[in-house]
Number of protein chains: 4
Amino acid sequence: MSAKLLNIGLVGCGFMGRTHSNAFAQVNRFFDLPYRPVLRAVCARDAAKVAAFAAQWGYASTETDWRKLVERPDIEVVDIASPNDTHAPIAIAAAAAGKMVLCEKPLGRHAAESARMVEAVEKAGVPNMVWYNYRRVPAVALAKQLIDEGRLGRIFHYRAKFLQDWTIAADLPQGGPGLWRLDVHVAGSGVTGDLLAHCIDTALWLNGPIDRVAAMTETFVKERPHALTGRVEAVGIDDASAFLARFRNGSLATFEATRYARGHKALYTLEINGEHASIAWDLHDLHRLAWFDHRDEGRLRGWRSIHVTDGDHPYMKHWWVPGLQIGYEHTFIHQAADFLAGLAEGHVPGPSFRDAMATDYVTDAVLRSARAGSWEQVPPLPS
Amino acid sequence: MSAKLLNIGLVGCGFMGRTHSNAFAQVNRFFDLPYRPVLRAVCARDAAKVAAFAAQWGYASTETDWRKLVERPDIEVVDIASPNDTHAPIAIAAAAAGKMVLCEKPLGRHAAESARMVEAVEKAGVPNMVWYNYRRVPAVALAKQLIDEGRLGRIFHYRAKFLQDWTIAADLPQGGPGLWRLDVHVAGSGVTGDLLAHCIDTALWLNGPIDRVAAMTETFVKERPHALTGRVEAVGIDDASAFLARFRNGSLATFEATRYARGHKALYTLEINGEHASIAWDLHDLHRLAWFDHRDEGRLRGWRSIHVTDGDHPYMKHWWVPGLQIGYEHTFIHQAADFLAGLAEGHVPGPSFRDAMATDYVTDAVLRSARAGSWEQVPPLPS
Amino acid sequence: MSAKLLNIGLVGCGFMGRTHSNAFAQVNRFFDLPYRPVLRAVCARDAAKVAAFAAQWGYASTETDWRKLVERPDIEVVDIASPNDTHAPIAIAAAAAGKMVLCEKPLGRHAAESARMVEAVEKAGVPNMVWYNYRRVPAVALAKQLIDEGRLGRIFHYRAKFLQDWTIAADLPQGGPGLWRLDVHVAGSGVTGDLLAHCIDTALWLNGPIDRVAAMTETFVKERPHALTGRVEAVGIDDASAFLARFRNGSLATFEATRYARGHKALYTLEINGEHASIAWDLHDLHRLAWFDHRDEGRLRGWRSIHVTDGDHPYMKHWWVPGLQIGYEHTFIHQAADFLAGLAEGHVPGPSFRDAMATDYVTDAVLRSARAGSWEQVPPLPS
Amino acid sequence: MSAKLLNIGLVGCGFMGRTHSNAFAQVNRFFDLPYRPVLRAVCARDAAKVAAFAAQWGYASTETDWRKLVERPDIEVVDIASPNDTHAPIAIAAAAAGKMVLCEKPLGRHAAESARMVEAVEKAGVPNMVWYNYRRVPAVALAKQLIDEGRLGRIFHYRAKFLQDWTIAADLPQGGPGLWRLDVHVAGSGVTGDLLAHCIDTALWLNGPIDRVAAMTETFVKERPHALTGRVEAVGIDDASAFLARFRNGSLATFEATRYARGHKALYTLEINGEHASIAWDLHDLHRLAWFDHRDEGRLRGWRSIHVTDGDHPYMKHWWVPGLQIGYEHTFIHQAADFLAGLAEGHVPGPSFRDAMATDYVTDAVLRSARAGSWEQVPPLPS
């Protein structure tokens with residue numbers, strides 16, 4: 001297929017800047033697509049750093065002020081991979097400039113910020129998408145297929161957790177390079193917006209809307225040196241967050257995220273129990289899906305460990321041969337592929353900014369509930 | 001060791017009657033103990049059934065009215081393995097008659113009932129114990145050792161669930177033989193008192209008191225035929241129950257139990273995350289303990305799967321050789337061994353009736369929270 | 001069922017004496033059987049030890065000379081659980097005395113010894129059985145059902161190994177209490193007769209006769225102090241043994257056993273690959289069977305982990321409830337149950353002495369091949 | 001680092017052509033290297049196919065005759081990813097033309113062919129390397145570190161297998177696109193050269209030279225339609241191959257490969273048992289290493305599952321963050337990185353052509369042994 005070029009301007013050259021750049025660089029090698037991304041410009045405040053990044057990834061030019069990037073006529077897509085507090089201003093300006101806007105998750109720091117972003121892209125009528133990448137893990141996409149086919153029957157339970165252990169050391173500073181996730185002003189919240197947001201996005205996608213939640217949060221290390229001020233300051237983020245939930249479909253759920261679960265690096269697990277069948281998945285072995293089907297012959301019922309690497313599994317025909325696994329970064333490549341394919345067909349695939357705002361409605365309700373000690377309703381998305 | 005005889009009178013000849021009888025029959029074959037239980041009498045309402053049970057297990061006599069059993073001068077220990085609604089009257093009468101009292105869990109149907117039982121045994125000054133058997137799984141006992149040695153450091157998280165799937169069929173009756181756990185009048189509650197009670201007992205033992213909880217419960221199948229009346233009646237038990245908790249030591253917890261988790265037969269799992277190390281365990285492979293120690297050399301850190309079958313593991317020197325696992329019923333044998341050994345030393349090992357009442361305080365708070373939609377304090381045990 | 005009494009005379013009160021005694025003591029509590037074993041006498045050379053054993057297990061009397069035991073008219077079954085070099089003389093004498101004979105595995109130290117034992121019991125026409133207990137693991141028995149139902153189709157591969165690590169220490173003595181397995185004169189061979197014999201018995205049962213083998217063996221520690229002589233002596237046993245095999249059904253196999261596989265306590269694993277389906281099992285989690293069925297829907301194919309604890313699984317309706325596992329010693333209880341049931345029906349279940357001799361034909365061929373460096377035929381059993 | 005350009009000419013645009021191309025395209029994005037590969041030309045017989053491949057991967061030009069490619073002065077490195085029967089002529093011509101030569105494994109179809117290739121590159125003095133990619137799985141590289149540090153002590157056992165199930169269908173043709181591995185004239189042998197070669201290369205690297213082997217092979221499906229002739233023809237390859245081996249260090253080994261192990265897609269597993277510690281690995285979860293250390297405290301010994309995704313694990317600092325796994329193709333990227341780094345330092349990393357010939361010596365001995373039914377010596381590499 002002869003592909004049209006699509007000019008990308010990336011903001012941010014940290015961890016997520018790398019995953020997005022890799023997705024743009026790799027996607028046409030493995031997917032036959034109507035568009036081919038061109039790495040036109042990358043923007044970050046540190047000129048030396050952004051120059052090195054551009055050289056490494058093949059960006060044609062650099063900027064150190066995102067306002068410049070947004071205004072450039074040669075940029076068609078603004079892709080935001082900078083810290084959370086910058087998402088809203090960049091996205092709103094980009095939409096105003098008529099650019100397509102891609103944004104790293106979470107959308108805004110809170111739903112109010114997200115609402116302005118949604119308004120901006122919808123008013124401008126520009127394609128928009130949020131990088132909740134775990135929807136594009138082949139095993140998770142297979143789970144979605146099975147649920148959509150009605151194979152689980154009535155859903156009774158949903159269970160998700162995202163456990164890490166990297167902030168247990170009390171002398172880890174808040175803020176600064178690589179550590180802005182510990183600074184509440186930049187991040188918006190702690191694990192609720194960072195890790196639970198992933199769990200919630202997947203859950204809404206797989207199991208529909210959440211009605212109400214009851215939550216608790218905790219900050220285990222109350223004070224940390226701040227990288228920018230040099231002073232020991234109160235920590236504003238939540239180190240751990242857990243909540244009970246009721247979905248609109250009647251199912252019950254437990255969610256939990258923490259950065260204090262010793263032994264877990266990035267253990268995002270989910271499980272769904274339906275009347276007829278159950279599904280479980282674990283990011284630490286992301287190429288496997290656990291599947292239990294009660295309709296199997298009685299003596300032989302058991303959880304199947306499906307090695308999701310066959311040609312008839314989602315996305316996998318584009319990769320290698322059965323048994324050979326792919327990794328984390330491929331989820332971004334898949335999302336880029338879906339975006340580019342959808343663009344040509346006139347419907348950009350989710351999660352849109354609006355979809356991502358639904359997650360923020362839940363995380364806001366979680367934080368509200370944790371403060372108030374009460375069940376909190378999750379409002380429906382405005383139409 | 002020459003063992004003194006100890007005359008047992010058992011009430012109940014169902015599932016738990018079998019596990020207790022087996023414990024008494026086996027314990028002296030594997031443990032060198034100062035006492036040897038004698039199966040003096042077994043009691044159940046159905047004369048034919050109790051006679052068959054007595055023959056199979058070698059009980060010397062039978063009764064069909066527990067009041068008779070309790071009054072018999074040849075009975076030293078009354079062991080209660082009948083449905084929950086009978087625990088209190090039997091235990092109170094047995095204590096009044098000066099018998100030692102062993103009781104299947106949960107103690108009473110609610111804390112109020114339990115309080116009367118505690119008062120009875122403590123006033124009578126009789127040895128008493130509740131069969132929360134999972135404390136005597138070797139892997140769980142090993143976890144207790146590690147925690148008591150301080151190896152985990154400050155505790156951040158506790159996580160437990162008990163998942164089953166045997167009541168999903170909507171035509172399963174409530175009440176009647178084998179199904180009294182579905183009848184709220186007999187059972188007191190549903191999974192909260194049946195399954196969560198196990199999780200809570202272990203948690204209090206391993207991680208100390210719980211301060212407060214926020215819970216939700218659900219009855220998925222609202223009406224079921226009642227085995228005794230023959231009529232379709234409202235179901236009074238909770239089919240599923242989940243709660244958030246804060247322990248007095250500052251750690252956060254999630255607990256969940258259900259009989260609607262397709263694919264899980266009796267999946268009791270627990271996990272504890274401490275500053276230095278973490279522990280996880282799963283009843284479906286009860287002879288294994290998962291252990292992660294952050295103090296291990298960095299490159300080589302990983303969860304260890306300890307096959308808890310060595311001579312230096314709790315209880316295991318009494319069994320076979322390394323690598324050869326034991327099963328479920330052995331937990332009761334271990335508890336019987338500890339009881340008989342403790343009796344001679346003048347301190348009966350826990351959980352005592354009072355210890356078990358602490359669990360009822362938590363389950364009561366869980367049910368109260370689920371009704372009220374609020375956080376509920378767990379009162380401290382009265383002294 | 002009213003059971004006839006069956007008088008047992010046990011020889012040996014070590015590890016296997018305990019497992020057999022437990023089987024006889026427990027079997028009627030869990031199985032409804034036409035016979036009830038009576039622990040009439042136990043025999044061992046050490047009078048004090050045998051007296052303690054008799055007291056612990058409830059044997060009515062003791063002997064210190066097996067010849068006496070064999071001659072006693074009150075003994076109906078002679079059960080041999082003493083070291084390998086005593087199997088033949090005891091079994092032959094017992095058969096000559098008209099006793100039923102049960103024998104711990106392996107049958108003889110070599111096939112020639114076994115042949116005399118087979119001849120003895122067959123000439124005497126007495127019921128006989130060898131305790132290859134792993135056939136009675138529920139998961140292995142389920143595998144047998146599936147194979148017999150033809151579900152695997154044509155068999156391509158069989159794979160078994162039995163790995164231990166308890167003799168790595170070079171200062172471990174050979175011979176003496178608990179260590180006679182290291183003394184070639186007593187044991188006959190090392191891991192070939194001890195561990196591979198188990199693998200081979202199961203394999204012949206599941207997959208039919210073996211045609212020929214190519215083997216290697218090794219003695220890693222060449223000299224060890226001998227417990228009886230006090231002198232350092234050459235070690236005569238094989239520490240490790242592995243062989244290639246071709247089954248008569250055309251399938252290929254690898255077998256391996258060792259006591260030098262660090263990290264494995266008693267890792268007996270087996271796997272069978274058929275045209276349509278595959279099976280795998282592991283003694284370290286003996287209640288699980290792994291099952292892969294290629295006829296499952298493509299996207300959902302995966303290895304199932306079957307928790308073999310349901311009422312419709314072999315033997316399991318006699319135990320607890322789904323999800324609650326049994327242990328190692330239950331395999332002996334199952335074998336005792338099958339023996340007692342078969343006795344009444346006039347056909348004693350296998351493995352008979354003759355069946356066990358087939359295993360010795362293979363182990364002999366393995367040792368022969370290892371010495372000669374050539375493929376060796378396994379002779380067919382004489383009719 | 002400012003990187004020198006290195007002009008690559010690739011032969012073959014199948015599965016391996018893709019993995020090599022991806023390695024060249026990705027390597028400089030993740031590794032800071034002295035060389036940057038330039039995709040100068042790709043060669044395949046089918047002009048349309050090679051043109052499409054060039055477009056997809058960004059090759060600057062195409063060829064349909066490898067002789068042309070080899071002669072082109074703008075090509076510095078000839079990379080061979082075409083079927084096995086073409087390896088020798090291309091490599092020999094490329095070496096004669098003074099090119100660096102990279103070759104997909106196995107080197108030649110037999111050691112004799114490989115010997116001519118080794119002679120060619122060594123005589124020409126050109127850098128050379130064979131793509132035995134599994135050495136560059138981070139978990140396998142970590143195993144190598146541990147072994148080199150002497151942590152396992154004396155080695156007793158090595159165990160490897162590579163199980164697949166994709167050729168069970170009897171109507172699968174031999175030869176033709178994607179199926180040349182079934183045609184003995186093209187492939188040289190079946191699973192011995194294809195799958196066992198991988199196992200052997202890793203084994204020689206981790207555990208040193210193999211002294212002698214005893215093997216068996218089987219062709220389960222004896223005749224298959226040939227894609228080129230259209231006729232049913234005898235199958236010349238081995239469908240399954242297993243062997244016993246003795247390493248020069250005194251350890252014993254079993255090796256097995258097959259394409260008839262139902263349920264396994266690409267199950268390459270290896271295990272090493274040493275005096276102090278053991279290691280196991282499995283390609284199906286390639287980011288995990290199993291590690292058992294007997295020097296751990298007794299009660300807490302267990303197999304550790306190391307999630308090899310931390311910055312201090314081999315290669316992993318170049319990728320994402322702890323807990324996020326990489327996939328199959330990354331092994332080729334790592335090998336390309338090592339090659340480019342080594343080139344600048346004047347020592348090209350292994351496996352060289354000579355190293356790969358050592359593997360062919362073993363596979364030749366395996367096939368010889370299977371034919372002869374005898375133990376076969378593996379000759380030492382000529383100096």
Side-chain angles (χ1 to χ4, degrees), chain B residues 137-153 206 271-274 276-282 285-319 321-326, chain D residues 137-153 206 271-274 276-282 285-319 321-326:
Chain B
V137 173
V140 176
L142 177 57
K144 173 70 170 162
Q145 286 180 358
L146 298 170
I147 292 166
D148 286 354
E149 292 166 11
R151 291 180 181 238
L152 277 70
L206 295 178
E271 178 169 343
I272 314 176
N273 303 131
H276 304 307
S278 288
I279 288 173
W281 174 77
D282 172 350
D285 296 291
L286 62 81
H287 52 293
R288 290 187 177 272
L289 188 72
W291 168 250
F292 180 92
D293 196 326
H294 191 68
R295 290 159 298 202
D296 282 343
E297 179 185 345
R299 276 182 312 164
L300 297 177
R301 277 183 208 129
W303 282 84
R304 298 185 202 174
S305 179
I306 307 172
H307 203 268
V308 185
T309 55
D310 286 356
D312 57 356
H313 287 139
Y315 302 107
M316 290 309 297
K317 74 177 174 193
H318 298 279
W319 298 102
V321 299
L324 300 181
Q325 72 193 56
I326 57 171
Chain D
V137 173
V140 176
L142 177 58
K144 174 68 170 164
Q145 285 182 356
L146 298 170
I147 292 166
D148 286 355
E149 293 166 10
R151 290 179 181 238
L152 277 71
L206 294 179
E271 178 168 342
I272 314 175
N273 303 131
H276 304 306
S278 288
I279 288 173
W281 174 78
D282 173 350
D285 296 291
L286 63 82
H287 53 292
R288 290 187 177 273
L289 188 72
W291 168 250
F292 180 93
D293 195 327
H294 191 68
R295 290 157 300 201
D296 282 342
E297 179 185 346
R299 276 183 311 163
L300 298 177
R301 276 183 209 129
W303 282 84
R304 300 185 201 173
S305 180
I306 307 173
H307 202 269
V308 185
T309 55
D310 286 356
D312 57 357
H313 288 138
Y315 302 107
M316 290 309 297
K317 74 177 175 193
H318 298 278
W319 297 101
V321 298
L324 300 181
Q325 73 193 56
I326 58 171

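Letters A, B, ... are given to chains in the order of the sequence lines, protein chains preceding strands, and every chain is numbered from 1.
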Exercise. Mind checking the OG-NE2 spacing from S305(D) to H287(D)? Nearest 0.5 Å is all I need.
Key: 8.0 Å
Quiz prompt | Between CG on residue N273(D) and CD on residue E271(D), distance to nearest 0.5 Å | solution = 4.5 Å
Quiz item: What part of R299(B) lies closer than 4.5 angstrom to a heavy atom of chain D: side chain, backbone, both or neither?
Solution: both
Quiz item: Please walk me through it: do W319(B) and L324(B) pass side chain to side chain contact (heavy atoms under 4.5 Å, CB included)?
Solution: CA-CA 9 Å; W319(B) 298 102; L324(B) 300 181; over 6 Å; no
Self-check item: Check against salt bridge (Lys or Arg N to Asp or Glu O under 4.0 Å), E149(D) and K144(D)
Solution: CA-CA 9 Å; E149(D) 293 166 10; K144(D) 174 68 170 164; over 6 Å; no
Quiz item: Within residues 288-295 of chain D, which positions have a heavy-atom distance to chain B below 4.5 Å?
Solution: W291(D)
Exercise. Tell me, for L142(D) versus chain B, whether the close heavy atoms (under 4.5 Å) come from the side chain, the backbone, both or neither.
Key: side chain
Quiz item: Passes side chain to side chain contact (heavy atoms under 4.5 Å, CB included), I279(B) versus L206(B)? Steps please.
Solution: CA-CA 11 Å; I279(B) 288 173; L206(B) 295 178; over 6 Å; no
Quiz item: Is there any residue in residues 307-316 of chain B with a non-hydrogen atom under 4.5 Å from a non-hydrogen atom of chain D, and which ones are they?
Solution: D312(B), H313(B)
Quiz item: What residue, out of D296(B), I306(B), L300(B), has the most heavy-atom pairs lying under 4.5 Å from chain D?
Solution: L300(B)
Quiz prompt | Heavy-atom side-chain contact between P138(D) and I326(D) under 4.5 Å | solution = yes
Quiz item: Between H276(D) and L152(D), does a side chain to side chain contact (heavy atoms under 4.5 Å, CB included) hold up when you go through it step by step?
Solution: CA-CA 5 Å; H276(D) 304 306; L152(D) 277 71; 5.9 Å; no
